[in-house]
Structure formats: C-alpha cells, structure tokens
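In what follows, a single structure is set out as structure tokens and then discussed.
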Protein chains: 8
Amino acid sequence: MAEPISSTGAGDPTPIDELDGIATLDLERARRRGYPEAVYCEGKTPEQVGAIAARFRSAGAPESGAVLFTRADERHAVAVLDALPDAMHDPVARMLAWPPNPPEPTGELVVVACAGTSDLPVAREADLTAQYLGRHTELVVDIGIAGLHRTLSRLEQLRAAGCVVVVAGMDGALPGLVAGLVQAPVVAVPTSVGYGAAFNGLAPLLTMLNACAPGVGVVNIDNGYGGGHLAAQITAR
Amino acid sequence: MAEPISSTGAGDPTPIDELDGIATLDLERARRRGYPEAVYCEGKTPEQVGAIAARFRSAGAPESGAVLFTRADERHAVAVLDALPDAMHDPVARMLAWPPNPPEPTGELVVVACAGTSDLPVAREADLTAQYLGRHTELVVDIGIAGLHRTLSRLEQLRAAGCVVVVAGMDGALPGLVAGLVQAPVVAVPTSVGYGAAFNGLAPLLTMLNACAPGVGVVNIDNGYGGGHLAAQITAR
Amino acid sequence: MAEPISSTGAGDPTPIDELDGIATLDLERARRRGYPEAVYCEGKTPEQVGAIAARFRSAGAPESGAVLFTRADERHAVAVLDALPDAMHDPVARMLAWPPNPPEPTGELVVVACAGTSDLPVAREADLTAQYLGRHTELVVDIGIAGLHRTLSRLEQLRAAGCVVVVAGMDGALPGLVAGLVQAPVVAVPTSVGYGAAFNGLAPLLTMLNACAPGVGVVNIDNGYGGGHLAAQITAR
Amino acid sequence: MAEPISSTGAGDPTPIDELDGIATLDLERARRRGYPEAVYCEGKTPEQVGAIAARFRSAGAPESGAVLFTRADERHAVAVLDALPDAMHDPVARMLAWPPNPPEPTGELVVVACAGTSDLPVAREADLTAQYLGRHTELVVDIGIAGLHRTLSRLEQLRAAGCVVVVAGMDGALPGLVAGLVQAPVVAVPTSVGYGAAFNGLAPLLTMLNACAPGVGVVNIDNGYGGGHLAAQITAR
Amino acid sequence: MAEPISSTGAGDPTPIDELDGIATLDLERARRRGYPEAVYCEGKTPEQVGAIAARFRSAGAPESGAVLFTRADERHAVAVLDALPDAMHDPVARMLAWPPNPPEPTGELVVVACAGTSDLPVAREADLTAQYLGRHTELVVDIGIAGLHRTLSRLEQLRAAGCVVVVAGMDGALPGLVAGLVQAPVVAVPTSVGYGAAFNGLAPLLTMLNACAPGVGVVNIDNGYGGGHLAAQITAR
Amino acid sequence: MAEPISSTGAGDPTPIDELDGIATLDLERARRRGYPEAVYCEGKTPEQVGAIAARFRSAGAPESGAVLFTRADERHAVAVLDALPDAMHDPVARMLAWPPNPPEPTGELVVVACAGTSDLPVAREADLTAQYLGRHTELVVDIGIAGLHRTLSRLEQLRAAGCVVVVAGMDGALPGLVAGLVQAPVVAVPTSVGYGAAFNGLAPLLTMLNACAPGVGVVNIDNGYGGGHLAAQITAR
Amino acid sequence: MAEPISSTGAGDPTPIDELDGIATLDLERARRRGYPEAVYCEGKTPEQVGAIAARFRSAGAPESGAVLFTRADERHAVAVLDALPDAMHDPVARMLAWPPNPPEPTGELVVVACAGTSDLPVAREADLTAQYLGRHTELVVDIGIAGLHRTLSRLEQLRAAGCVVVVAGMDGALPGLVAGLVQAPVVAVPTSVGYGAAFNGLAPLLTMLNACAPGVGVVNIDNGYGGGHLAAQITAR
Amino acid sequence: MAEPISSTGAGDPTPIDELDGIATLDLERARRRGYPEAVYCEGKTPEQVGAIAARFRSAGAPESGAVLFTRADERHAVAVLDALPDAMHDPVARMLAWPPNPPEPTGELVVVACAGTSDLPVAREADLTAQYLGRHTELVVDIGIAGLHRTLSRLEQLRAAGCVVVVAGMDGALPGLVAGLVQAPVVAVPTSVGYGAAFNGLAPLLTMLNACAPGVGVVNIDNGYGGGHLAAQITAR
C-alpha cells in the first residue's frame, strides 16, 4: 500500500496534518459571543476529539463557563477523559464538560420540561448545557398532554422560569400548550422519539413550528445542546 | 373540427355516453352499508352532477337518510338545485342534501369541535353529515389549545358525546388533548388551515397520527364528510 | 425597448429562430419505433404549436397512425385547427389527432377502466391514444372498489382484454385489484383526483407501485397518453 | 471522571432522580378514561421499565383491565417479568400484560384482519390490546386483495363485528375494500411491511387516508396498540 | 333552496350562530400571558373579522398593548376599519392594530434584519408586532450574505440589540451568520421568497434549524408576527 | 411467564395457530391468473417460510411453472431447502424456485438489461422470474448511459426482445433511452443503488415515471420479481 | 386609517424609507467578483424595481458588462424601461439588460442546449446571461434523449464548447448523457417543465444530482440566470 | 440445492458469467473525455472489484492520470491491493488510485475547503480526485461560518484558486458565502454531516441550490469524487 499522498501534485499527494486540520479552535468565541466553544463529537474520530481535548488542556480552562463535548459516544468519552481526567461525563446526555463544575449561576431560572421518559436524554443535554453556561435550572419529566393534569400540576414551577425549554417527540404538542400558559419565551426541542409517522422527529418539529400560541422558538430535532444554549442566552439577564 | 370519435376503431372513435358513464350509481349501498351514497362533486362537471341529481330524483328519495352532494361549488349547487329544487344547500360546508330534512336522530350524541374559526367549513361539513346520517349533533367552535381554558370549559359537553369529532389545522394538537380527557373515541380531522410549515394540512395530520393519547382515528385532510360519516357509524347504537 | 439580441456577442445578441427551434421534429420515429410522434402542448405557446401543426400539414399525413397533440388547452386547439382544420379534437381528453380517423384496428383489445367519473379525462386520453395507435378499445367508467360489485360485474369484459389500462385517483387501489383477477398485464395510471393527503396523485402513485398483485406497470400521474401508448405496444400482436 | 452534577448550579449539577423521573404514573387514567395506562417501552432503558413494573406491583392490580407494556424487546420483557413474574408475555406482539388474564369480555365483537403474514405482529398487538381492554376478539390472517376470494370468503365473519381492525402494509388497500362491504366502522392500521416505494409505511398510510369508501379511521404506522384501543372504545357498548 | 338546518336532528339542522362561533375571544390572555390577543384573518371571512373587530370596540381598548389583526387582505382591512376607523393599517405587513399607537417602549432593543428586499413584508410584520407589544425596534433591510460587507457594516447595530430577528428566504443563511457574531439570541424567520428548490420556504427553514452557530430559535415560514412576538418576550426585561 | 393467551376473552387469550395463519395459500391463482404463487419471504420468520414450503411439497408441484420464494435471506433459504431439498437457490437474486428447472420457454424473448454491476441482484431476480414463468431470457450487464457506446453496441439485441426489462439506480436514465430506441414495451425497475440524493431509489423512480419517451411501465424500487413477472405476461404470446 | 407608524415606539411607529431599504446596491460587486450585480425582480414591487433602475441610471453604466433584471414580469419591465428606456428586454427570458448591448465576447464558447421547446425560456435566460457577462454563446433547442439521433447530431457543436449548459425538465436525463460525451464541464439546469411526478422540477433535479457521468454541476430549478453566470465564470479564460 | 440455472430456458437457467458482466470497462473514456475511468465500489462485491482491478493490471496503466476506486470499504481495498499491490490507498477518503503517484500537475489551482472536521473524508476525496486528474490542490479545514473570522482569514488563499470546492454539511451555508467573495466558480458538495432536520444532507443540498450568490454548481451529497472531478475539468486550462 502506498503512503498517504502530498498536495505538491507530482508523484506525492498532500498528507493531511490532522493536528492542523482540527486545531482551528474558536478561542475568540467566548470573547465574541460570551460563551465558550462546544465540540460536536459525532462524525469525528476519537483520535480527533482526543487531540482537541488535549489542546484545551494545554490552553487552560476558559475564564468563565466550560468547554462542552456534545453527542459523545463511549469511545469519544474515553478519549476526552484520557486528556482531561477530571472532566464531568454524563452518559445519558452523551456530554462531557471541563472544568467539571458549572459556574456560579446568574440570570433567570431555566426550567427544562420533557413530555415523556424517552425524551430524557435530550432534556438532560439541554439542562446541563444551560447549567454550564451559568444558569440555575430545574428539570421536569413526563408531563405530556396525554395526562393534562400532570402538566397543570407543574404550572407554578413553569411560570417561575425566565425561559422554559420544552422537549417532546411524537405529537410534539407540549410546547404550544405551555406557551399558552406562561409569559416567558418557550424554546421547543423536538425529539426523534416515536415511530411510524413521527418520521424521526419530523412530526413534532412541524407541530412546534405551527404552534397556535405565539412565543415558541424551535431548534433542531434532538438538539438539547442548542435548546439549552438559547435558553441560557435568553435568561442571561 | 372533427366529431368526437367512436371506439369501433376504424375511422370513428367511441363517443362517450356521458349518461352511461356517470350512471353506475351504488343503489345497493344503503342496503349493504346502511347509509345512502354521497356524490363527490369536485372534478365532476356541473352537467355530470346535474345528471346524477336528476337520476336520484327519478329514483325517488332513499328509504332512510339522504343523498349528500359534497365539495360542491356554486356551479355544482345550481345544477343540483335545478334537478332537486327543495334540496338543502349549505354554502359554508359546500354541501347539499336531499331530501332536505335530516332523519329523526337515533344512536348516541356526536359532538363536533373545531380549534379555530377558520376550521368552521370542515367542521360544519362533519356536523351536517352526521345529522343526515341520523345522529343528534352539537357543534363547538374555537376551543384550540392556545387558550386551554376554552377547551376545559367545554369538558362536560365533550364527555357527553358517544363520539367526538375534532377538527383542527396548524399544529393539530386538539384531538390528542381531547382524547386524553374523554372516554369516547375521537375522530380527528386535520384541515389545511395554516401556512408555511403547515404544508397544507400535513403538519396537523402528522400530529394527529402521533397523538400520545390512544383513542384517535384520523381521516383525510379537510375531510369533514368522512369524519362525520365515521362518527355516525361509531354512534349508531 | 431594444431589439432582441444576437449571439454574436458584440452588441447584438442572437435572435431566436422560433421556426428553427421547434422544427426538430422526430420524423424518423415512426420508422424507428413504429408509432408516430406526439406533440406535448403544455408549456408551448399556441404560436409554437401552430407552427408545428403547419409543418406536419406540409409534410403530409404519416404512413400509418396519426399525429397526436396532447394536453392541449383551448388556445392550443385553435392553433392546431387553424393549421389542420379537419383534425379530431376531444376537449375532455385535451387531445387532437390528425388525420382525424384512427387507423383500422389490429392487435388485441385494450380495455380502459377508471375508478370514478372524475378520472374520465385521463381515461379518455388513454382510450383515444390506443385507438389512434391502432387498437380496438373499450372504456369502462366508475368501477372503483368502494362498490366492489361494480368491479366484479365487469370481470368478463376485463378478462377479454390483451391489456387493461386502469385509471384511478385517491387511494388508487383499483389496478391491484384488477391485476389479481386477470391474466393480462395491467397498465396503471394514477390521477390527481382527490385532495388533502392524496397530494396531487402521490398517494395513488405509491399505491400502484406497491400493488400486492404482480403484473402492474405504472406511468406518470395523469399520463393518459403514456398509459394508452404502452397498452398499444403491449397489444401490438 | 466527575460525578453526575446537581442543579444547584454552583459546582454541582442536579443528579437525576430516575425513580422520580419515571414515577409520574397516570393512576387517574383508568378512572378518567375507563382504561388503564399502557407503558411504551421503546426508548426507555430496561431499568426504567423494570422500575415502573415494580411500582405497579406495589400499587396492586388495577380494578379492571390490565397494565400493558408495548413495543417491549427481550431486555424489556426480562425486566418486567423480574418484577411481575406472572405477567403474560407475547413476543410476537412484543407485549406484556399484568395481571396475565384478560377481563371477562363485554361489548361487541372486534375482528382483527391482516393482509399478509408479515403484518401478523401488528395485528396480534391490536388483538391482544382489545382483549385486555375487555373485548371478545377474532383474528383473521392473510386475506389481502391480491387474492380477492380470500377476502370475500371471510365476509360473514367481518360483518359480525362491531368494529373491524384492518392491518396492512404495501399498498394498504384492504381497509377501503372492507369498509365498502360492512356497516361497522373500520380502524385501519398501516404497517411498515414492504420495501422501496412503500417508504416504511407511508404508502399504505396514504392509501388508507384516501380510502374511497367512508368509514375508515386511521392510526399511526405499526400502531397495533392504538388500533386495538380505538376498536375497544368503539365497541364498548 | 332549503333553509340552513338545525342540530335538533329531526327535519331541521342547527343554524350556526356565527356571532357565537367567533366570540370565544381570549380576554384572559393579556392577564395570563401579558400580551393581548391577535386575530389571524386568513381563512376567516371579512364578515367574521368585522364582527370580531366590533366586539373589541365594544369591549374597549386593552389595558396595555394593542389588538393586532394579522395576514389581513384588503377586504379584511376594510371590515376592520369599518368597525375600528382609527386603527393603524400597514398594507405591506398586511397588519392592523388598534388602538393605532404602539405603547411607550420598555425592555431591550429589538433589531429586525432581512436578507433581501423581497423579505420586507415579513420583516415589517415582525417589526410592527414587537413595537405594538412595547419594544423599541430598528429595521435593517437587504444585508444578505451574497454581499458580506453589507452584513458586516451593520455589526454594531446588530450587537446593540437584546434580540435580533433575522428574516430570510432562499438559502436562509443569514441567521446563522448573525448568531455567530452577536451575544443576543437570534429569532430566525424563514420566508417563502425564492423559487424551485426553495420549496416555498422549506430550504431556508431547514438551513436555520441546522445553523452551525447556537443561539437561533426558529418560527414558521413567513411568520413575522410570531418572530416579533417571541422577540418582544425575550426582551421584556 | 404466562402462556400465550386465547381469544375466548375470559382469562385466556387466543393462541395463534401459526399453521392456520400462513396456510391461506392461493392455489387458485395459477388457474385464475395463469401463473403460480410466489412467497414473499421478507418479514416472515424462517419457520413460517419453512411451513409454507412444506405445504407446497405435500401439495405437489404446480401443473406448470414453479413456486418462487423471493427476497429470501440465508435463513429463509435454509428453511426452504430443508423442506424442498431439490429447489433451485440463487443467492445473488435471493430467490428459490421449486421444482428447480424452469419450464420449456414459450412466447417472446425477454431481455433484461442493467445499468451497472451493482444493479445485478435485481436484474438477476427479474431474469430468473421471467424464466420460471416460461420465457426465454437474456441478461445484459453494465450498459449505463455514462458510456453511451456500451448501450448502442447492444441495440440489435435489445430490438430482438418482445419486452425489455431495464434495471437502473442513481439517475435511472437508461429505461427512457432504451424506450426511444426500440418498438417493444419497456419495463423499468428502479434500484436503491446510489447514495445521497438518490434517496434509496426515489431519484431513479421519478426519472422513470417522467421518461420523455413513451412506452415505459414502472414497478417498485428493487422489485426485480415484479419486473420479470410483468415482462413474462407481456410476452406471453 | 392611521398613518404608517414610526419605530420610536411611543405612539408613532417607524415609516419605512423605501428608497433606503432598496438602495443597498452592491456596487463593489463588479470589482470584487468581476461581474456586475443582477436584480431579482420576483417578490419586489414594480415601484421598488423602478427605483433601483433609476439609481443605476444615475450611477451610470458599469465599467464592463451590464446590469441584469431577472424574472421580470410585464409590470416590472415597464418600470425598468421607464427609467432605462434603451434597456434590452427579452420577454421570453423575462430579462432586461442595461446598457442594451452585450460586451465584446472573450473567453471560451458557451453552448446552451435544451431538451424540449418548453424549456426554451430558461435556456434563453442562461444564454442571454452568459452573453451579457461577456461570452460568445450558441443555443441548441429540442435535443432530448427521446430522440437520441437529435442529440448525437449536435455532438461536434457540443464538443466545441468550453462549457455546456444543459437545460431539461421531466426526466432530466440530458445533462448526464452530454457529460459522458464531452470533455468540458456541464452546468445542468433542471426546469419545472412536466407534470405529476415531475413535482415541479424535483425529478429532473434529482436526476442531475445523480448523473452517472462525472462533470455535472447543478443549479436551482428554472435558474437560467445562475446557469449562464456559472458558465461564464468557467469559460472566463 | 440445485445448481445456478441457465437462460436456455428449458430446465437449465443461464449462469451469470461474472467476469463478462463486470468487464464492460470503458477503456475509450480517457480518449473520449480526457479522464480515465473510476470504479464505484459500493454495491459491488469485493470479488467483483478485485476482478476489475486485475483487468486493469493486465491492461496496463493508463497513458495519463490514474484509475480511481471510490467509496471502497476495507474489504474492497484488500481486494484491490491484492491485484494492484502498489496502489495508493487513503482510508479516510475510502479511495484507491493506481498507479500510486498522481500525474505532474497542470492547469489552475484547486482549493478544497470544508466547513468542519466531520466533513474531512468527503473533502479529502475531492482533493485526491483533483490531484489524480492532474491538478495542484490545497486543502483547507474547519472554516465554517459559525466563526466567520476563520473563513475570512483564508480569503487570499481562496481567491488564488481557479476553482474552489466547498464541502459542508448541516446548514451548508459556506459555499454561498465563499461564492460572494471570489471570482472563480465554486463547486459545492453537501455532506450528510449533521442530524435531525439535516435529513442526511438534504438541508445543505437545498441551501447550496438556493445560494443567493451566483457561481455555485452543486453535486450529490457526499460526492467528493464528483466535486473533485468537476473542479479538475473547470481548471483544466
């Protein structure tokens, strides 16, 4: 087998400097946007993720907040923990954070509510993200509209939030219901929970985009990280 | 211009006997299924619809129930009324019925509820269909989940029904909510009310198919006739 | 306003020789494929269609069969009849043929069956196409599966065909039913008849592609011309 | 690796009380809707499902009916049977029920018919659900329309039902055919059986929504539980 | 022609009390959610909209904010102005507001930015909504990414906002670009501007849901009202 | 674990008689349609397929033709061969036939052409099906339009057929090209070969349905069996 | 009716300075990209387009090339010609150009080929765009693959081009065929010509993206401007 | 088990000559198109790929350029290297090339830029393809628009290219951004990187087709080979 090739063209194609390829870290981002960078692990090799983690270690912890590794499978987690042994790892949310402790919370409360138990991993990802971006959070589980009394029994808690993140699959009806009951903005996170005509989250996505009650901002299917990040920005002050 | 052609093939293609083509009326249907036939007007010419109406006139009124003409525009209505001058015509529901009076109601109550005012034509079509198939009906308007108190204020009425027909566009969340609150079966009718990501009724259709609460049977988008018919069958006894 | 421009580039863009652009008639086609050319009128201006018709007039009638103009609206028809005054024009099928008489039929019988009255224009287009390509045809209307007895009452007629063209919208179930009852191949033509989740013919198209009974070949939605053409080829001998 | 984090925000994110998160059981549901709760296992861990089963055991059997565990894979089943050793387990339907015996049947007969052998798991799920909700049921297999005589030979049985549940994949034509032949409502369950343009059940779903015969209520793809539940409600009295 | 029928069933179907049907106004909403109700005019008849407007007139102006009439065509506008002659009417945004003057602004600045001139109606709707819900707003037009310098020249203005509403059709890339440059949350409004593979707004909708930069909440296609409402909630304090 | 339950309802749900459930074999089909039945193995358990094979063995070979087992994986094949040890098994086509020898060919020649090597399994399935239904066949591989000379070099062979089955994935352009070059009908079989915007065969399916040349009948994606069956019917005489 | 409102918020919403809103012209673009700006007229009012045209008139003609107005309907054209009376207007391509004469051609030849006469407007738009960006062009009409000889008769002309723009609707097979026959890059422009399963251009779009022959770059459906622009860039030197 | 069958029809179906079936190599292609053939390995068995490789070995290296094997998994690679032991193998790009050294570069520079690290395999495939077709290339990684400064810092490099290949998943916004900043044509390659509403690359594909800046030609999702090939053609001189 021939060696990897160099880009000089003639007889020797370019070798990829993997370190160089993955080192375009956005260190200005915390300064520019107020929140440190997150590393999306899916589609990266464990080696690439590990190299990035090592680079963060040598750069030192960010001034505020934490570096997040999202959608990390077990092999990604091992690679991160090898470089950053004290990192927090939450397998349910498939997330790691370093340094391991979230910052002292500021801003308004974020309540993360999910419709069913199966939505928990995504809800957990949203919850942790908001915490590591500096918010106080509360997580409410299994209050879908099939049992309306469960939703209504949480009304006071939902109304105390500066932003409610609502995570739901299947019919995705919960965010619109909540938006009609609270003053705060609702961040809606559709999930791929369900089967058949749920079409991997398309159904709840469309439901949320068409919510009859105004005040709902939607993020990508299963994007707990994005939901938590947006909620943290909304409640920043 | 040449004459229409006959099917003998050689030099003279088949003329279409329009009367013959549209006369395959399903007169056995009332006997077979217990409900008389309905004429779907969309895609038929007013002349064709008028000829069918005339055929019903000469056949005489069905033993029970009424002949329905559905999705009839103004020109269809004129053609029907020309043949059956005493027919009932409801322009909102785009429906005609002959004979004009619904039969004496039997069976259980059908409650038709719609989420918003824009859903009214479809809800009205469901309501009239169930009436003309022999049910007592009640029509409830504008109880969508954006204002949950409106839904809950109707709970007693909804629980009195042997079947609830719920008509909704946009997020289509109402049928699932109602199904979680009543014992009776819910017939869900998605509508094309909405815009953008409602995709002409696809969004509420998917929502209803994925309703978290069991007990929801879904019919085609804007199919008030189908919803009312199914409800009448469910409540037949 | 400046004049249309010539393609020489400098200061004078190419004028389009409309005659040249539309004159690439496929005169070899009858020789090559055994069937003369058809002119698809939709998307062409009446002037373009009229110019094509005039070209056929000056070229003389084809040795066998006829030139067909399909999906012709009223303005197209006027343009064709201006050039070919003796052409056959069927407004229901939106089709013209020249010379006006179909050839003496050869081959096996083609039966065209449609599920409902609203499918008639497409069925008629299939029927005429097969006739003008030299087949004996029979047209059967309104035998959809909602009234199964209507389908079964035509069984003998359907079984006499060398090919059955089945035209249906909405649920599109008729072709599969027929295919399970006859030996001959079935050509299935989905139509855009229906509404809502029929999605302009997508639903019957999918139904026909998934027909449980083998022996069904599907053509494009509303493509009566294609269905009739394929049937004529199948029954050529 | 750091410990799971607490929601107090500062240095210690919220641990998830898994027991709390999954314990929002809807014990009011039997009272409110007349049917006990079902546990949708897909997307839950075996541990979560086992904990729910244990909770039911300590709460005691419901007054009437049975608790159902749906879409349970082998690992879910082991977890349920560990907590409820006498539960009924049907691997074909992927369902468990506790207590193991269905209640004495009341109401009208439910007939569950499936088009092909491959639809059997979904049909079985519908059949068992209706039984455990208190209905007498009959299951008819492999009567798809490719062999119409098979359907027709079952006509008497189908007409004896208070509700017919029809389960079909591929072209999904059977429910519309049956609806045209019986007086009772038809509950249509599309399945993901098929390939290619069946698009994982989309094709039969659309077919059923566009059924030419009225009287068809559709549930989600592969949703045998929902079909059986709706049928049980329809035939309750 | 027979009279409209009453729901008593026997010979006299229910007449619809149009006033009753449209009078379920959500007067509690301002108290419950802090923002008065809006009337979605599309799909309602001018008569219905006019009756609603008259009802608001007799109820008197809301304590704070204004009643909004959205997606109002010319006939809707005439009906509203007939009942509320001093209402503000903006034909570009297809919106009316009553009372005509927005409240004294509170909260943070909302900047509404649109990618192209064709997006202006939707951007204008968002801008007016936020104003009438009590925010100070600025509207920035035609800064799409095809000319990046136009976007960057507005950076200071964008960074001054408490929330940026970004309105874009075609590729819908602008919200993600802006989100990467500012700290504040971005509300993304896809529009149906474009053609072909823009699929009436589907393309920019998907782009926005997949924005690489976190901090983007998406609303329905062309939903300027929803975008402005969400922005007003986010910047409420 | 409880025993499977009987349908008597009270305490003992119906056991499924698997033999009964799978024994509704369509023995009339050969008489009715002229072609023996085929067993679609996908979605059936090996046990079910084996039981069906045993039933065929005890019923004896059909008078003409052969029983086909389609889409059979290795486990299905083992089950069939256990019951019918002399059956023909082609793993490429995933097909078995019994008795193992195709009948003496009658009718016209069927030519099966595939665009690329990856389409071979589907083409092989079509080829074998037509053979076992009694046709003489020829199989042509790898003549896709990227190298037009390859297609043209086979023109004489293609023109000798009474029906050409064209199998293609990716752009699916080959059937339309062939149809424009031959007199015989073309049966088009789209395949799931390709990636990305081929969308598992959707792209070639649409291409074939929109083929500019008439004379193309389309079957389901990857449905080599259906393509071969239709071709055999077309060339029956 | 109240006056348009000002953005100062209190009682006086922002009037839109239409001139300001549409004046963000990209005058740097010719310098930056080498090609002057084009004005997309669809979705703009004639007044807006007229104001832009007047702005260009006062700014003077660009140093090289011409300003293009694309997708201009008759009312747009009147508005442009009112401001720039000597502009070239091509109603077929719905395009205007100013100054009216294309620049002296440089670079390589661009050949624009379209499959059918109905594709001519889009092909003409591509042809004119390339001319006004400084290329010598040739336009070839009606060479679709249904008549392969027509394509092959143009082979020499196609091979002379530095870039071939291929415009096709329906099955969209022509670009892939051409790409397999020439060395130059092919720019493929799908059109919305066709019906049914062409899905407004989706079918040819997918075909072109899946072209078996490499060397095809695809632009948006009906985007003749984009196709001509890309071809002009490719052949710049 | 019976032997594979021969196509003579009677009792002995055609054995497939696998060698013959895969040997239709397009040896004229380098002469005709100027670039040697590539072997698409996906969907082929390792045995088939190995046989093709052996055929190339016996035919000798092409006059110019190299034979490429694309989308080759590990088993394909082993089969190729077994026949061509000195071939270059790049596992990241899943590509092999023989002879192993790219030709001496000619033409203009190709710059391949990818938005994120996860896009690297596709970008690498594009880069290698262009090199082996004779271009000098440069590969730029991780310059997505979430961090705009990263894009802008590469502006000089991007502007030096004769063609820029831009590879991006998720929102796919990078190609449009780059096209607005450079004179050269942009070849856009969408990738399946992302999740949820990215729909396996559909979202970036649509974004690129709707890019506001002209000058973007799009290839299939994940089609690095096609992108590199098109870029090599564009920069050939």
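In this text the structure is predicted, and so the values were computed from the model without any measurement.
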Of all the heavy-atom pairs spanning G:Asn210 and F:Ala203, show the shortest one and how long it is.
-> ND2-CB, 3.4 Å
Portion of G:Leu177 that has a non-hydrogen atom of chain F nearer than 4.5 angstrom = both
Closest non-hydrogen atom pair between G:Asp171 and F:Ala211, with its separation | OD2-CA, 3.5 Å
Does any heavy atom of chain G fall under 4.5 Å from the side chain of F:Tyr195, the backbone, both, or neither of them?
-> backbone
Distance-minimising heavy-atom pair for G:Gly176 and F:Ile145 = C-CD1, 4.4 Å
Report yes if the side chains of F:Leu152 and G:Leu148 come closer than 4.5 Å at any heavy-atom pair, otherwise no.
-> yes
